[in-house]
Amino acid sequence: MKRYALCSEKADLLSWGGKVIVHDSKAELEFLMRGARVVECPRDIPDDQTLPIRFHPDMATVTWPLDRRNFP
């Protein structure tokens with residue numbers, strides 16, 4: 001399964017708590033983080049060094065699976 005990550009303007013993958021923030025849907029990640037650059041996460045980054053975006057504290061109020069109708 002592909003994983004997608006947020007990427008800074010300097011080409012650094014964004015992280016939280018030392019783990020790369022990832023999601024399994026590029027389209028959903030782009031929807032959630034409008035204007036952010038989304039790239040395929042390198043395969044050499046192990047799963048234990050990633051944080052699925054649904055577990056990020058700022059996403060605690062988001063219902064998963066994502067339902068776009070819940071967003072204004």
Side-chain angles (χ1 to χ4, degrees):
M1 172 186 297
K2 288 186 179 182
R3 302 173 297 175
Y4 298 92
L6 299 168
C7 188
S8 74
E9 291 179 11
K10 295 181 180 182
D12 295 321
L13 297 179
L14 301 183
S15 62
W16 188 81
K19 296 186 176 192
V20 176
I21 300 168
V22 297
H23 191 51
D24 61 357
S25 169
K26 183 178 182 182
E28 284 186 355
L29 194 53
E30 289 172 335
F31 173 77
L32 287 169
M33 302 297 162
R34 294 178 189 169
R37 184 172 164 212
V38 176
V39 298
E40 188 172 341
C41 186
R43 294 176 190 236
D44 63 342
I45 297 177
D47 286 339
D48 66 346
Q49 292 181 13
T50 65
L51 176 73
I53 197 166
R54 69 181 175 271
F55 297 128
H56 190 285
D58 289 346
M59 294 290 140
T61 60
V62 176
T63 303
W64 304 92
L66 191 65
D67 184 349
R68 293 181 186 205
R69 294 175 296 181
N70 293 334
F71 294 83

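Residue numbers start at 1 and run along the sequence shown.
Within the model, atoms CD of Glu30 and OG of Ser25 stand 8.5 Å from one another, a figure rounded to the nearest 0.5 Å. The line from CG of Leu66 to CD of Glu28 is 4.5 Å long, rounded to the nearest 0.5 Å.
Qualifying salt bridge (Lys or Arg N to Asp or Glu O under 4.0 Å) partners for Asp67, counting only residues two or more places apart in sequence or in other chains: Arg69.
Hydrophobic clustering (side-chain heavy atoms under 4.5 Å, transitive across Ile, Leu, Val, Met, Phe, Trp, Tyr) keeps Val39 apart from Phe31. A single hydrophobic cluster is seen to contain both Tyr4 and Val62, as judged by linkage of ILVMFWY side chains at heavy-atom distances under 4.5 Å, directly or through other members.
Trp64 and Met59 get closest at one heavy-atom pair: NE1-O, 4.0 Å.
In summary, of the residues considered (Leu13, Val38, Val22), a side-chain contact (heavy atoms from CB on, under 4.5 Å) with Leu6 occurs for Val38 alone.
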Return all side-chain donor-acceptor pairs below 3.5 angstrom for residues 43-57, not counting sequence neighbours, or 'none' if the list is empty.
| unit_1 | atom_1 | unit_2 | atom_2 | d |
| --- | --- | --- | --- | --- |
| Asp47 | OD1 | Arg3 | NH1 | 3.0 |
| Thr50 | OG1 | Asp47 | O | 2.8 |
| His56 | ND1 | Asp58 | N | 3.0 |

